[in-house]
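By convention here, the first residue in the shown sequence is residue 1.
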Amino acid sequence: MKWTRAVHHLDALARTCAEMATRPRTIFPLRVTELWAAGPVLDGPADIEFVTVALVVDLPAEDVPWLGEPVGAQHWASAVRLTKNPVAARWRSARAPVWNHQLDRPVLLWDHVGGVAEETLDALRAERIEPLRLPAPTPDELRERLTDELAVSLRALRKANRGYDDQRWRPGKLEPVADLLWRASEGYLDLLDALDAG
């Protein structure tokens, strides 16, 4: 995908987040409170495979383990046609830092208080985004962040494993609990690998 198209996707998603914030809670109980951009799109013009974003929700960190999806995430993502675009969404808790080893120095594009960050989008288009990015963590800060996330991820993995075991021999579809187990496993292993590499 061309870089300009990737920036277009970010702009459109920021505006969609603003629109979704006005929708009734009875229809969309999961509330996205912030949208952050991360990854190669922030490095300047170059073709990229997909855009990486962090969607922040006001839930405890325990409910949003790394690479997991909080309850209601698929409904929200379907409503904004997130899966129809080349976007890799990473769900994050508002009660923990948004950044980690993959979300390196992200930049805020929208939040429920300030709205769409027009100046940030303009800076991105003008290739002047660097001063607006979060500062890089020290190696110790990154290790501490990954350790905290790994603990959350391990608890999520254990819970998903119990859920899978409980459902395994019961009537009904196994895919939802199997998918949950896979996401919990993937997140845990990704964090473990990041800590081992550091």
Side-chain angles (χ1 to χ4, degrees), residues 1 5-39 41-42 50-100 102-103 106-125 132 134 149 152-153 155-156 159-160 162-164 166-167 172-184 186-187:
M1 162 177 51
R5 187 69 183 157
V7 172
H8 167 77
H9 283 303
L10 289 174
D11 185 291
L13 185 55
R15 294 176 200 293
T16 301
C17 285
E19 180 185 328
M20 287 296 288
T22 67
R23 301 277 177 90
R25 285 184 183 269
T26 52
I27 299 173
F28 297 101
L30 181 68
R31 306 311 279 189
V32 173
T33 60
E34 296 175 358
L35 169 69
W36 295 74
V41 71
L42 300 181
F50 55 84
V51 176
T52 301
V53 298
L55 295 165
V56 177
V57 293
D58 189 18
L59 292 172
E62 295 291 324
D63 294 346
V64 194
W66 178 239
L67 300 183
E69 293 181 343
V71 173
Q74 290 183 4
H75 178 61
W76 192 94
S78 294
V80 302
R81 301 177 55 81
L82 196 61
T83 57
K84 303 292 183 189
N85 292 311
V87 175
R90 303 294 182 238
W91 296 91
R92 307 296 281 161
S93 168
R95 302 175 198 175
V98 69
W99 60 271
N100 68 8
Q102 282 192 23
L103 301 172
V107 63
L108 182 66
L109 299 181
W110 171 84
D111 73 359
H112 71 286
V113 176
V116 176
E118 299 290 356
E119 291 179 6
T120 303
L121 286 164
D122 289 344
L124 180 58
R125 282 189 280 275
L132 301 177
L134 290 181
E149 287 209 58
V152 169
S153 188
R155 287 189 290 275
K159 182 179 177 182
R162 283 191 305 273
Y164 181 85
D166 289 347
Q167 183 62 37
K173 292 186 177 184
L174 192 57
E175 287 85 0
V177 289
D179 288 351
L180 182 64
L181 179 57
W182 175 81
R183 282 193 299 272
E186 188 71 9

S.K.: Quick one: CZ on R90 to CG on L55, what's the gap to the nearest 0.5 Å?
M.R.: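 Rounded to the nearest 0.5 Å, the CZ-CG separation comes to 10.5 Å.
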
S.K.: How long is the span from the CG atom in D11 to the CH2 atom in W110, to the nearest 0.5 Å?
M.R.: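 Those atoms lie 14.5 Å apart.
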
S.K.: Report the distance from atom CZ of R92 to atom CH2 of W36, rounding to the nearest 0.5 Å.
M.R.: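 It is 11.0 Å, given to the nearest 0.5 Å.
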
S.K.: How long is the gap from CG on N85 to NE2 on H8, to the nearest 0.5 Å?
M.R.: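 Reported value, rounded in 0.5 Å steps: 8.0 Å.
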
S.K.: Give a yes or no on this: more than 12 heavy atoms of other residues, nucleotides or ligands lie within 6.0 Å of atom CZ of R95.
M.R.: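 Yes.
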
S.K.: Below 4.5 Å, heavy atoms only, C-beta onward: do V98 and L134 meet side chain to side chain?
M.R.: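 In short, these two side chains touch, coming nearer than 4.5 Å.
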
S.K.: Closer than 4.0 angstrom, basic N to acidic O: yes or no for R23 and E19?
M.R.: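 Yes, R23 and E19 are salt-bridged.
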
S.K.: Among L132, L10, L121, find the residue that satisfies the side-chain contact (heavy atoms from CB on, under 4.5 Å) test when tested with V107.
M.R.: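 Of L132, L10, L121, side-chain contact (heavy atoms from CB on, under 4.5 Å) with V107 is met by L132 alone.
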
S.K.: Once you measure the plane-to-plane angle for W76 and W91, does it fall in the parallel (<30°), tilted (30-60°) or perpendicular (>60°) bin?
M.R.: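 Plane angle over 60°, so perpendicular.
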
S.K.: Side-chain contact test, heavy atoms from C-beta onward, threshold under 4.5 Å: evaluate it for L124 versus L42 and give yes or no.
M.R.: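 Yes; the side chains approach each other to less than 4.5 Å.
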
S.K.: Can you give me the closest heavy-atom contact between G163 and V177, atom names plus distance?
M.R.: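 Minimum heavy-atom separation between G163 and V177: O-CG1, 4.2 Å.
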
S.K.: Only one of E34, H112, R31 clears side-chain contact (heavy atoms from CB on, under 4.5 Å) with V56; which?
M.R.: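 Exactly one option meets the side-chain contact (heavy atoms from CB on, under 4.5 Å) with V56, and it is E34.
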
S.K.: In Å and rounded to the nearest 0.5 Å, what is the CG to OG1 distance from L30 to T33?
M.R.: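 With rounding to 0.5 Å, CG (L30) is 9.5 Å from OG1 (T33).
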
S.K.: Should we say atom CD of Q74 is surrounded by more than 12 heavy atoms from elsewhere, each under 6.0 Å from it?
M.R.: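 Counting other residues, nucleotides and ligands, CD of Q74 stays at 12 neighbours or fewer.
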
